[in-house]
Amino acid sequence: MVDLIEKKRDGHELTTEEINFIIKGYTEGSIPDYQMSALTMAIVFRGMSEQERADLTLAMVNSGDQIDLSQINGIKVDKHSTGGVGDTTTLVLGPLVASVGVPVAKMSGRGLGHTGGTIDKLESVNGFHVELDNEEFIELVNKNKLAVIGQSGNLTPADKKLYALRDVTGTVESIPLIASSIMSKKIAAGADAIVLDVKTGAGAFMKTLEDSRELAKAMVRIGNNVGRKTMAIISDMSQPLGYAIGNALEVNEAIDTLKGEGPEDLTELCLTLGSYMVLLAEKAKTLQEARALLEKAIENGSALEKFKVFLSSQGGDATVVDDPSKLPQAKYTYELEAKQDGYVSEITANEVGTAAMLLGAGRATKDSDIDLAVGLVLRKKIGDQVKQGESLVTIYSNFDDVSEVKQKLYENIKIADSKVEPLILIHEAITN
């Protein structure tokens with residue numbers, strides 16, 4: 001291992017066998033943390049070639065279980081977002097894409113941070129559960145084209161161990177290590193094709209367009225190099241996506257979006273990502289044709305109908321789709337009133353997300369309880385005109401003192417005197 005650390009330190013390329021030796025040894029415990037952290041630091045400074053990145057990803061895939069989806073008919077397409085605030089896309093995309101015949105076999109996690117993960121959000125629906133065995137999961141996808149399960153315990157154990165180490169050794173921010181970490185989980189989850197939503201801006205992990213582009217290209221190349229059709233969209237996360245931030249509130253917003261009445265930005269991003277999913281699944285020959293299929297599924301109600309079938313198939317009360325008041329409701333609502341006339345010029349996404357977490361919408365630690373009813377609904381977005389006293393945000397809370405939350409929001413929602421241009425939502429698509 002010392003020889004390999006020195007080899008990488010001096011800027012040389014590691015072979016497939018050497019990378020397999022490292023990951024196997026580290027997972028099994030024969031390579032200690034201190035040697036692995038020396039290697040990751042060498043990678044931070046020296047980088048990795050495309051071949052090394054693909055080898056590292058596959059070595060992590062092979063360190064644990066892999067989900068076999070071969071019994072599911074058709075091309076299975078997965079979507080991954082690099083995270084954000086108010087990112088409700090999975091709740092919309094699953095039923096939307098499934099409604100045009102694309103099988104969506106989704107493995108999702110619980111969230112740490114601003115709001116819950118996809119599973120937490122879905123559990124806002126009374127009775128909904130993700131505890132399915134593999135056989136049930138595959139059967140549901142074949143029958144309904146859509147099912148969601150929780151992450152398997154032994155998927156990519158090497159990545160879990162390596163991620164925890166990087167977190168405490170200053171080696172998180174390395175494109176090869178980030179890209180191989182994300183892609184190892186997606187590949188182990190068994191999809192044939194992967195659409196990535198790489199966020200950029202203040203609320204994203206990658207703050208600049210250049211860094212986001214580099215990460216997107218790295219992940220697309222890894223996917224294509226290991227035989228999975230992969231493409232990426234770079235989308236903006238300088239402000240929250242949609243209006244709702246919070247679990248039940250986001251489910252409600254997903255229902256509106258599937259009805260064709262959702263926020264413009266959320267709808268547009270879902271149609272863009274969905275079009276690529278439909279294209280990769282070979283259900284359409286062009287992006288335009290794919291988008292037309294999805295727009296029709298919203299118009300004729302089949303996407304909404306698919307959401308109901310999906311919820312009830314996994315034990316959920318599907319009547320919430322027609323009556324969202326059956327979702328968990330917060331005891332109190334408060335309005336955050338604008339202190340001046342003007343135009344909204346800034347909504348710092350991650351800080352607004354933290355305000356939602358203060359209400360209990362997210363987890364500060366792994367053991368925190370989530371309050372599914374609480375959260376925020378934005379009434380204005382960047383570029384919108386606002387009058388003094390008008391509501392900027394509705395706060396949904398189960399406690400009566402929200403002064404800390406209001407303070408946080410006032411600090412992170414800026415109003416300018418002159419007109420501000422709305423943000424660009426989708427920056428570019430990366431296909432190779």
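None of these values were measured; they are calculated from a predicted model.
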Are side-chain heavy atoms of Thr40 and Ser174 found at a separation under 4.5 Å?
no
Other residues, nucleotides, ligands: >12 heavy atoms within 6.0 Å of Asp167 CG:
yes
Which one of Lys79, His80, Lys121 satisfies the side-chain hydrogen bond (donor to acceptor under 3.5 Å, both in side chains) criterion with Thr90?
Lys79
Rounded distance [0.5 Å steps], CG in Asp33 versus NZ in Lys161
6.5 Å
Verify the neighbour count for atom NZ of Lys24: are there more than 12 heavy atoms of other residues, nucleotides or ligands below 6.0 Å?
no
Taking all heavy atoms of Thr230 and all of Val220, pick out the closest pair and write down the distance.
O-CG1, 3.4 Å
As a quick check of understanding, evaluate salt bridge (Lys or Arg N to Asp or Glu O under 4.0 Å) for Asp120 and Arg363, giving each step before the final call.
CA-CA 11 Å; Asp120 297 300; Arg363 288 185 181 86; 2.9 Å; yes
Of all the heavy-atom pairs spanning Ala373 and Leu249, show the shortest one and how long it is.
O-CG, 4.3 Å
Lys199/Asp197 salt bridge by N-O under 4.0 Å criterion:
yes
Apply ring pair (Phe, Tyr, Trp, His ring centres under 6.0 Å) to Phe128 and Phe310, showing your working.
CA-CA 10 Å; Phe128 185 89; Phe310 159 62; 5.4 Å; yes
So, the side chain of Thr82 versus the backbone of Val198: is there a donor-acceptor pair under 3.5 Å, distance only?
no
Quick one, Glu268 with Arg291, criterion salt bridge (Lys or Arg N to Asp or Glu O under 4.0 Å). Give me CA distance, side-chain angles, the key distance, then yes/no.
CA-CA 10 Å; Glu268 179 55 37; Arg291 188 181 175 108; 2.7 Å; yes
Look at the side chain of Lys414 and the backbone N and O of Glu346, then say whether any donor-acceptor pair between them is shorter than 3.5 Å.
no
Would you check if the side chain of Tyr276 reaches a backbone N or O of Ile233 as a donor-acceptor pair within less than 3.5 Å?
no
Chi angles and distances behind the salt bridge (Lys or Arg N to Asp or Glu O under 4.0 Å) call for Asp265, Lys381
CA-CA 10 Å; Asp265 56 350; Lys381 297 289 283 265; 2.7 Å; yes
Results of salt bridge (Lys or Arg N to Asp or Glu O under 4.0 Å) for Glu6 - residues two or more places apart only
none
Any chance you could measure Leu241, atom CG, to Leu266, atom CG, to the nearest 0.5 Å?
5.0 Å
Let me confirm one number: the CG-CG distance from Leu273 to Leu93, rounded to the nearest 0.5 Å.
5.5 Å
Within 45° cone and under 6.0 Å: Lys339 NZ/CZ vs Tyr410 ring:
yes
Between the side chain of Ser397 and the main-chain N/O of Phe399, is any donor-acceptor distance below 3.5 Å?
yes
Can you see which heavy atom on Leu4 is nearest to which on Leu14, and at what distance?
O-CD2, 4.0 Å
Side chain to side chain donor-acceptor pair (under 3.5 Å) filter on Asp256, not counting sequence neighbours, yields none
Please answer whether the main-chain N or O of Thr208 pairs with a side-chain N or O of Thr200 as donor and acceptor at a distance below 3.5 Å.
yes
Across all chains, not counting sequence neighbours, the salt bridge (Lys or Arg N to Asp or Glu O under 4.0 Å) partners of Lys186 are Asp78
Scanning both residues in full, the closest heavy-atom pair of Ala59 with Ile23 reads O-CG2, 3.6 Å
Closest heavy-atom contact between Ala330 and Val374?
CB-CG1, 4.4 Å
Who passes side-chain contact (heavy atoms from CB on, under 4.5 Å) against Phe45, sequence neighbours left out?
Met41
Find out whether Met48 and Ile19 are in side-chain contact, i.e. whether some heavy atom of one side chain is under 4.5 Å from a heavy atom of the other.
yes
Is there a side chain to side chain donor-acceptor pair (under 3.5 Å) between Gln407 and Ser403 once you walk through the steps?
CA-CA 6 Å; Gln407 177 68 32; Ser403 51; over 6 Å; no
Quick one: closest heavy-atom pair of Ala248 and Leu327, and the distance?
O-CD1, 3.7 Å
Check the pair Ser180 / Thr57 against side chain to side chain donor-acceptor pair (under 3.5 Å), numbers first and verdict last.
CA-CA 5 Å; Ser180 55; Thr57 305; 4.5 Å; no
My understanding is that only residues two or more places apart in sequence, or in another chain, count here; which of them pass side-chain contact (heavy atoms from CB on, under 4.5 Å) with Ala416?
Ser345, Val420
Flag side-chain contact, heavy atom, 4.5 Å: Val251 against Leu122
no
Side-chain atoms of residues 281-289: list all donor-acceptor pairs with protein atoms under 3.5 Å, sequence neighbours left out, distances to 0.1 Å.
residue : atom : partner : partner atom : Å
Glu282  : OE2  : Lys229  : NZ           : 3.2
Thr286  : OG1  : Glu289  : N            : 3.0
Glu289  : OE1  : Lys285  : N            : 3.2

Arg379 side-chain N/O to Val393 backbone N/O, donor-acceptor pair under 3.5 Å
no
Salt bridge (Lys or Arg N to Asp or Glu O under 4.0 Å) filter on Glu404, not counting sequence neighbours, yields none
Residues Arg228 and Asp192 bridged, charged N to O under 4.0 Å:
no
My understanding is that only residues two or more places apart in sequence, or in another chain, count here; which of them pass side chain to side chain donor-acceptor pair (under 3.5 Å) with Lys380?
Glu390
Got a sec, which residues hit salt bridge (Lys or Arg N to Asp or Glu O under 4.0 Å) with Arg221, two or more places apart in sequence or on another chain?
Glu50
Are Lys408 and Thr354 close enough, and set up right, to give a side chain to side chain donor-acceptor pair (under 3.5 Å), and what steps lead you there?
CA-CA 8 Å; Lys408 188 98 180 139; Thr354 302; 5.3 Å; no
Just verifying a value: how many Å separate Glu28 CD and Ser30 OG, rounded to the nearest 0.5 Å?
6.0 Å
Can you list everything that forms a side chain to side chain donor-acceptor pair (under 3.5 Å) with His427? Sequence neighbours excluded, please.
Asp236
Just by modelled atom types, is the Gly190 backbone N or O under 3.5 Å from a matching donor or acceptor in the Gln66 side chain?
no
Pairs in or reaching into residues 124-142: which pass side-chain hydrogen bond (donor to acceptor under 3.5 Å, both in side chains), with residues at least two apart or in two chains?
Asn73-Asn142
Thinking salt bridges, do Lys7 and Glu18 make one under a 4.0 Å N-O criterion?
yes
The criterion is side-chain contact (heavy atoms from CB on, under 4.5 Å); which residues satisfy it with Ala254, sequence neighbours excluded?
Thr88, Leu91, Val92
Under the criterion salt bridge (Lys or Arg N to Asp or Glu O under 4.0 Å), I'd like the reasoning laid out for Lys8 against Glu52: C-alpha separation, chi angles, the key distance, then a yes or no.
CA-CA 11 Å; Lys8 182 42 74 183; Glu52 284 178 301; 3.0 Å; yes
